[in-house]
Amino acid sequence: SDPINDVEKDVKEWAKQKKSEIEDLKKQEQFRRDFLSNVSHEFKTPLFAIQGYIEALQDDMDDPVMVKQFLEKASKNVDRLSYLVKDLDEISKLESGEIPINYVKFKINDLIKEVMESLEMKAVQHKIKLSYKDKYDEPILVTADREKIRQVLVNLIDNSFKYGKENGNTSIRLYDLHDQVLVEVTDDGIGIEEKYLPRLFERFFRTDSSRSRQIGGSGLGLAIVKHIIESHQQTINVRSTEGLGSTFGFTLQKARQMPFPVLPVLKS
Ligand code: ADP
């Protein structure tokens, strides 16, 4: 081969690589900028609202019903701020890798039941019937970070309450897929417009529907869920029909079943 040609090829290759590195850096920089502007925007809205209610209350409001209402609204916005701080803290810890994935073997059926029990009261408050179905006789062992998967289940079920409808149903289903399991959380709530589906797992993304804005939340729950599932090298997806409901499904790795050890037969 022609050495000059080779050098030229190498230089071109090098230039291409540098260019893509620079593009990556630019993307990261843009990402950071968007993130910061999102964070400050998300804080501003509830802060301004709280400020407004406090100012109104300072103006010698004499209607006790109004006073109570304003205090409640201010308090809702304080809740919103605390959700934000908690979720931001969570996502930054996850993304920095500060809390590594702690793989353990556990029965996914048990975890689902545990999470359901912990959310029982909340389901009643939201007037939602929570149910769990699987068609397997034996519990299924998975290998994953039990606490993080608990968080995934809590976030998904919690959303099904928030965006569910009164007297609605949330059902959890478990499917055995050979090497993996699929866990699905289905609600018959407000559903999601198709155009929003690709952006649903982005940080701070919330659909425009007024309900979404009235409901407390940080817009980080699904970003946290996605981060956890992808850091397990598993997948998460959503299907939804506006007005009918949504299904969020994620996979987990099944624990490898060790065959029973064959013990040597001792001769007497
Ligand atoms: P949050 O619930 O705090 O707003 P999430 O990241 O959990 O944030 O969800 C992002 C958005 O996705 C929500 O604001 C809502 O618009 C939509 N969403 C999530 N889950 C559901 C669901 N089960 N049904 C309808 N919309 C949903």
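Side-chain atoms are counted along with the backbone in the values below, which use heavy atoms only and exclude waters and symmetry mates. Both ligands and their constituent atoms are indexed starting at 1 by order of listing. Just so it is clear, the structure is predicted and the values come from calculations on it, not from any experiment.
Atom OG1 of T251 sits about 4.5 Å away from atom CD of Q180, to the nearest 0.5 Å. Rounded to the nearest 0.5 Å, atoms CD1 (I108) and CZ (R146) are 8.5 Å apart. The CG atom of D145 sits 10.5 Å away from atom CG of L252, with the distance rounded to the nearest 0.5 Å.
At least one heavy atom of S218 sits less than 4.0 Å from an atom of ligand 1. Not a single heavy atom of Y196 lies less than 4.0 angstrom from ligand 1.
Atoms of ligand 1 lying under 4.0 Å from any heavy atom of K162, numbered from 1 in the order shown and given with element: 1 (P), 2 (O), 3 (O). Of all atoms in ligand 1, listed by their number and element, those nearer than 4.0 Å to a heavy atom of G191 are 25 (C). Heavy-atom proximity to L220, at under 4.0 Å, picks out these atoms of ligand 1: 6 (O), 8 (O). Close contacts of ligand 1 with T207, meaning ligand atoms under 4.0 Å from a residue heavy atom, involve 16 (O). Of all atoms in ligand 1, numbered sequentially from 1 with element shown, those under 4.0 Å from a heavy atom of I192 are 25 (C), 26 (N), 27 (C).
The heavy atom nearest to atom 18 (N) of ligand 1, out of those in Y83, F205, Y163, F161, is found in Y163. The residue among V225, L200, I224, D158 with a heavy atom at the shortest distance from atom 17 (C) of ligand 1 is L200. Ranked by closest heavy atom to atom 9 (O) of ligand 1, the top entry among N155, V238, L222 is L222.
Residue contacts with ligand 1: I190 is placed with no nitrogen or oxygen under 3.5 Å of a nitrogen or oxygen of the ligand (distance criterion only). Taking only nitrogen or oxygen atoms, main chain and side chain alike, G219 reaches within less than 3.5 Å of ligand 1.
Defined by atom type and a distance below 3.5 Å, a donor-acceptor pair is present between the side-chain atoms of D134 and N109. Donor-acceptor pairing under 3.5 Å is recorded for the side chains of Y196 and D208.
Hydrophobic clustering places L177 together with F106 (ILVMFWY residues linked when any side-chain heavy atoms are closer than 4.5 Å, directly or through intermediates).
The salt bridge (Lys or Arg N to Asp or Glu O under 4.0 Å) test with E95 is passed by exactly one of K226, R32, R203: R203.
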Assess the residue pair H232 and Y103 against the criterion (ring pair (Phe, Tyr, Trp, His ring centres under 6.0 Å)); give the C-alpha distance rounded to whole Å, side-chain angles, the decisive distance to 0.1 Å, and a yes or no.
CA-CA 9 Å; H232 280 78; Y103 283 104; 5.4 Å; yes
